[in-house]
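Residues: numbered from 1 along the sequence shown.
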Amino acid sequence: MRDRVRDRGRRPADEHADVVVVGSGFGGSVAAYRFAEAGLRVVVLERGKPYPPGSFPRSPAAMARNLWDPSEGMYGLFDLWSFRGLDAAVSSGLGGGSLIYANVLLRKPERWFVRESPVPGGGHEHWPVTRADLDPHYDAVERMLRPQRYPLGLPPYDETAKTLAMREAARRMGLEWVLLPLGVSFAPEPGAAPAPGLPIPDPGYGNLHGMPRTTCRLRGECDLGCNDGAKNTLDHTYLSAAEHHGADIRTLHEARWLAPAPGGGYAVGYVVHDLDREGRRVHTRRLPQRTIACDRLVLAAGTLGTTFLLLTCRAELPGLSRALGTRFSGNGDLLSVVTRARDGAGRHRSLAGSRGPVITSAIRVPDAADSGDPPGTGDRRGFYVQDAGYPPIVEWLAEFAGVRGQLRRVGMFALGRLAAMISRSPQTRINAELAALLGAGRLSDGSLALLGMGRDVPDGVMRLRRGYLDVDWTTTTSMGYFTAMRSVMRGMARAWGAGYHDSPLWLARRVITVHPLGGAPMGRHPGEGVVDEYGEVFGHPGLYVLDGAAMPGPVGANPALTIAALSDRACERILQSSARPARRTGGAPAGRPA
């Protein structure tokens with residue numbers, strides 16, 4: 001394998017670009033835009049499909065195929081991984097994780113940029129950047145993604161039960177509660193009044209899908225993909241702007257290897273997936289491989305994808321830091337559920353998890369660092385607990401999962417209809433009977449998922465095992481953190497008169513993360529990290545990691561905004577510190593295969 005990759009790197013490339021960006025998530029999309037805006041020839045390689053509004057699957061048949069496994073003829077949105085200590089859910093599509101994230105655009109708290117924070121087993125979590133370094137870039141990303149806080153004070157938003165319940169629980173527990181900045185359009189334009197279903201005008205750079213968008217209809221389907229286009233996802237924002245400035249965005253193009261190119265720069269080998277093969281098994285290793293050369297290569301395929309690429313091609317990158325694969329964390333993600341909420345008089349209380357966007361607000365629990373404690377002197381690790389809504393189909397599933405109650409209602413309905421037939425009842429309206437058959441829906445209406453995230457311990461290790469990506473991470477060293485979080489979640493359940501339930505995975509002390517981080521962490525030198533504070537790989541000029549893999553520890557807050565800001569900061573540094581690369585020879589221009 002090593003010799004085959006080396007030979008590929010030495011072959012003439014099919015084409016050349018100034019910059020190749022692998023992946024189109026929060027790091028890659030920002031890089032594509034910044035470099036294209038500067039006049040560079042940019043090619044984006046995205047393995048997944050584009051998803052214009054209205055194209056996200058909803059039916060059971062379509063959802064069953066909405067997974068990513070090209071070898072099985074599946075080119076869907078969700079890519080699910082199961083490791084020994086945890087599971088992970090990531091995205092495959094144009095716009096990366098923005099297609100399925102819950103829209104939260106929080107800045108990393110200033111004191112959570114820890115320095116020299118000891119990690120069990122040796123070493124330190126150290127952030128070589130500060131909040132002050134990132135604030136101008138947070139500003140820049142927010143100007144593009146236009147986050148809005150949930151307009152709780154205005155109708156119809158003021159009756160969102162889960163948001164009101166979160167505020168009440170925080171008050172009762174003496175904790176901080178915040179409405180979160182969300183990458184969602186509640187109003188069509190800044191300064192306009194929010195209202196569901198209003199048309200959103202296209203920005204000056206246009207819309208690469210060419211499809212109309214409307215403001216949020218409060219359907220709770222954000223994590224399945226927004227069919228209204230209300231989410232300000234990266235395809236509607238950064239990628240549309242990048243394409244406007246000339247970026248060549250290629251979907252269903254999956255990077256397979258990278259190597260230094262003759263004469264400088266890098267070569268990337270990739271395959272092109274064919275949707276005509278959907279539903280059929282495909283020998284993906286036999287797909288024709290193409291090569292593109294570039295002066296600068298940005299790896300932004302997500303924590304799992306980027307780290308896997310680097311591990312696979314490690315032999316072609318001499319001197320690559322031994323820190324490769326380290327500092328993995330799940331950003332402290334933990335999911336639980338509260339059920340059958342009741343008010344102070346013991347009556348049913350509605351939490352209406354499907355009403356509104358998936359997440360609207362959070363309770364924040366401080367970290368030892370927030371008190372100014374020196375690293376290692378406090379064991380309190382801060383976290384957020386957020387209301388995690390769900391689409392209405394989940395409510396139907398929850399109701400019909402109560403088999404005994406459902407069978408009883410079916411039996412009563414059948415007996416009632418039989419009695420009416422025997423007695424030849426003149427009552428022809430059966431609305432009350434049908435309502436009894438459906439039930440009161442109190443189980444689903446009084447339930448709510450809670451999503452926690454924060455500063456877990458970044459001591460996981462990613463490696464290859466028989467050619468597959470493996471992650472060695474357990475909850476053991478983070479147990480104090482998870483115990484504190486579960487205690488707060490139980491307190492919230494008590495405040496709502498509800499029952500508390502851990503995720504079934506927790507019985508085996510496992511978690512599922514939607515925010516995997518680390519693997520190619522930034523550091524001050526190669527002994528500490530794989531990349532420097534600007535994402536450039538130590539010892540390999542022009543090779544950058546600009547996604548979650550570069551995080552030296554958990555962001556704590558939802559990481560999307562921080563990943564985008566770090567990418568923006570890196571791109572600004574690159575553009576300011578070097579002139580436009582000279583045109584290379586020996587390859588056709590991007591977009592013109594040789």
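- Of the possible donor and acceptor atoms, one in the side chain of His253 sits under 3.5 Å from a partner among the backbone N and O of Thr251.
- Residues satisfying the ring pair (Phe, Tyr, Trp, His ring centres under 6.0 Å) criterion with His244, sequence neighbours excluded, are absent altogether.
- Annotation: the span from Ser240 atom OG to Ile249 atom CD1 amounts to 7.5 Å, rounded to 0.5 Å.
- Applying the side-chain hydrogen bond (donor to acceptor under 3.5 Å, both in side chains) test to every pair with at least one member in residues 488-499, sequence neighbours left out, gives no pairs at all.
- Using a 3.5 Å distance cut-off with no hydrogens or angles, the side chains of His273 and Glu254 do pair a donor with an acceptor.
- Panel note: side chain Arg340, backbone Ala498; no donor-acceptor pair is recorded below 3.5 Å.
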Got a list of side-chain donor-acceptor pairs under 3.5 Å for residues 152-160, not counting sequence neighbours?
unit_1 : atom_1 : unit_2 : atom_2 : d
Tyr157 : OH     : Ala195 : N      : 3.1
Thr160 : OG1    : Tyr150 : OH     : 2.5
Thr160 : OG1    : Tyr157 : O      : 2.7

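- Side-chain contact between Leu106 and Leu561 is absent, with no heavy-atom pair separated by less than 4.5 Å.
- Lys162 places a side-chain N or O within donor-acceptor distance of the main-chain N or O of Val358, the cut-off being under 3.5 Å.
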Using atom types as modelled, flag every donor-acceptor pair under 3.5 Å from a side chain in residues 564-572 to any protein atom, sequence neighbours excluded.
unit_1 : atom_1 : unit_2 : atom_2 : d
Ser567 : OG     : Gly27  : O      : 2.8
Asp568 : OD1    : Arg34  : NH1    : 2.9
Asp568 : OD2    : Arg34  : NH1    : 3.4
Asp568 : OD2    : His137 : ND1    : 2.8
Arg569 : NH1    : Glu533 : O      : 3.3
Arg569 : NH1    : Glu533 : OE1    : 3.3
Arg569 : NH2    : Glu533 : OE1    : 2.6
Arg569 : NH2    : Tyr534 : OH     : 3.3

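- Taking each heavy atom of Met173 and Val488 in turn, the nearest pair found is CE-O, 3.5 Å.
- The structure places CD of Glu46 at 3.5 Å from OG of Ser24, a figure rounded to the nearest 0.5 Å.
- Atom CD1 of Ile363 sits about 4.0 Å away from atom CE of Met492, to the nearest 0.5 Å.
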Tell me, with the steps shown, if Thr233 and Asp235 meet side chain to side chain donor-acceptor pair (under 3.5 Å). CA-CA 6 Å; Thr233 48; Asp235 49 339; 2.5 Å; yes

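- Considering only heavy atoms from C-beta on, Val114 comes within 4.5 Å of Trp127 through its side chain.
- You'll find the side chain of Gln148 stays beyond 4.5 Å of the side chain of Val184, heavy atoms only.
- Looking at residues two or more places apart in sequence or on another chain, you find a ring pair (Phe, Tyr, Trp, His ring centres under 6.0 Å) between Phe482 and Trp506.
- A donor-acceptor pair under 3.5 Å links the side-chain atoms of Lys231 to the main chain of Ser98, judged by distance alone.
- Arg486 is linked by a salt bridge (Lys or Arg N to Asp or Glu O under 4.0 Å) to Asp502, counting only residues two or more places apart in sequence or in another chain.
- Pairs of residues two or more places apart, or lying in two chains, that qualify as salt bridge (Lys or Arg N to Asp or Glu O under 4.0 Å) and include a residue from residues 86-112 are Asp87-Arg510, Arg107-Asp135, Arg107-Asp139, Arg107-Glu142.
- Salt bridge annotation for Asp133-Arg131: absent, with no cationic side-chain nitrogen under 4.0 angstrom from a carboxylate oxygen.
- A salt bridge links Arg349 with Glu168: the distance from a Lys NZ or Arg NE/NH1/NH2 to an Asp or Glu carboxylate oxygen falls below 4.0 Å.
- At least one side-chain heavy atom of Phe26 sits under 4.5 Å from a side-chain heavy atom of Tyr101.
- Side chains of Leu180 and Thr360 form no contact here, defined as non-hydrogen atoms less than 4.5 Å apart.
- Ser361 pairs by the side-chain hydrogen bond (donor to acceptor under 3.5 Å, both in side chains) definition with Trp177, not counting sequence neighbours.
- In this structure, Arg219 pairs ionically with Asp228, as a charged nitrogen and a carboxylate oxygen lie closer than 4.0 Å.
- Evaluation of the side-chain hydrogen bond (donor to acceptor under 3.5 Å, both in side chains) test over residues 179-206, restricted to residues two or more places apart or in two chains, returns Ser185-Asn232.
- Note: Leu94 CG to Leu99 CG = 7.5 Å, rounded to the nearest 0.5 Å.
- To the nearest 0.5 Å, atom CG of residue Leu77 and atom OG of residue Ser92 are 7.5 Å apart.
- The stretch residues 43-63 participates, sequence neighbours left out, in these ring-ring contact (aromatic ring centres under 6.0 Å, His included) pairs: Tyr51-Phe56.
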I'd like to know whether Ser350 forms a side chain to side chain donor-acceptor pair (under 3.5 Å) with Asp445, so could you lay out the CA-CA distance, the side-chain angles of the two residues, the decisive distance to 0.1 Å, and finally the verdict. CA-CA 5 Å; Ser350 173; Asp445 187 59; 3.0 Å; yes

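- Between the side chain of Asn558 and the backbone N or O of Ala560 there is no donor-acceptor pair closer than 3.5 Å.
- Side-chain atoms of Thr303 come within 3.5 Å of backbone N or O of Ala549 as a donor-acceptor pair.
- Closest of all the heavy-atom pairs between Val337 and Thr339 is CG1-CG2, 3.8 Å.
- Checked by atom type, the side-chain pair Asp547/Thr306 shows a donor-acceptor distance below 3.5 Å.
- With sequence neighbours left out, the salt bridge (Lys or Arg N to Asp or Glu O under 4.0 Å) criterion links Arg149 to no other residue.
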Derivation of the side chain to side chain donor-acceptor pair (under 3.5 Å) call for His501 and Ser336: CA-CA 6 Å; His501 307 276; Ser336 66; over 6 Å; no

Less than 3.5 Å apart, which donor and acceptor atoms pair up between the side chains of residues 512-519 and the rest of the protein, not counting sequence neighbours?
unit_1 : atom_1 : unit_2 : atom_2 : d
Thr513 : OG1    : Gly330 : O      : 2.9
Thr513 : OG1    : Asp333 : OD2    : 3.1
Thr513 : OG1    : His515 : N      : 2.9
His515 : ND1    : Asp333 : OD1    : 3.1
His515 : ND1    : Asp333 : OD2    : 3.1

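- Using a cut-off of 4.0 Å between Lys/Arg side-chain N and Asp/Glu carboxylate O, Glu278 and Arg65 are scored as not salt-bridged.
- A 4.5 Å side-chain heavy-atom check between Phe78 and Ile100 finds at least one atom pair inside the cut-off.
- Annotation for Leu145 and Thr237: closest pair CD2-OG1, 3.4 Å, computed over non-hydrogen atoms.
- The minimum heavy-atom distance linking Ala493 with Tyr500 is given by the pair CB-CB, 3.9 Å.
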After noting the C-alpha distance and the side-chain angles of Cys294 and Val19, does the key distance pass the side chain to side chain contact (heavy atoms under 4.5 Å, CB included) rule? CA-CA 6 Å; Cys294 57; Val19 182; 6.0 Å; no

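- Minimum interatomic distance between Gly48 and Trp68 (heavy atoms only, all atoms of both residues): CA-CZ3, 4.1 Å.
- Using a 4.5 Å cut-off on side-chain heavy atoms (C-beta onward), Leu67 and Asp79 make no contact.
- Put simply, CG on Leu40 and CD on Glu37 are 10.5 Å apart, with the number rounded to the nearest 0.5 Å.
- Shown here for Ala557 and Trp112, the closest heavy-atom pair between the two residues is N-CZ3, 4.2 Å.
- For the pair Leu334 and Met453, the minimum side-chain heavy-atom distance is 4.5 Å or more.
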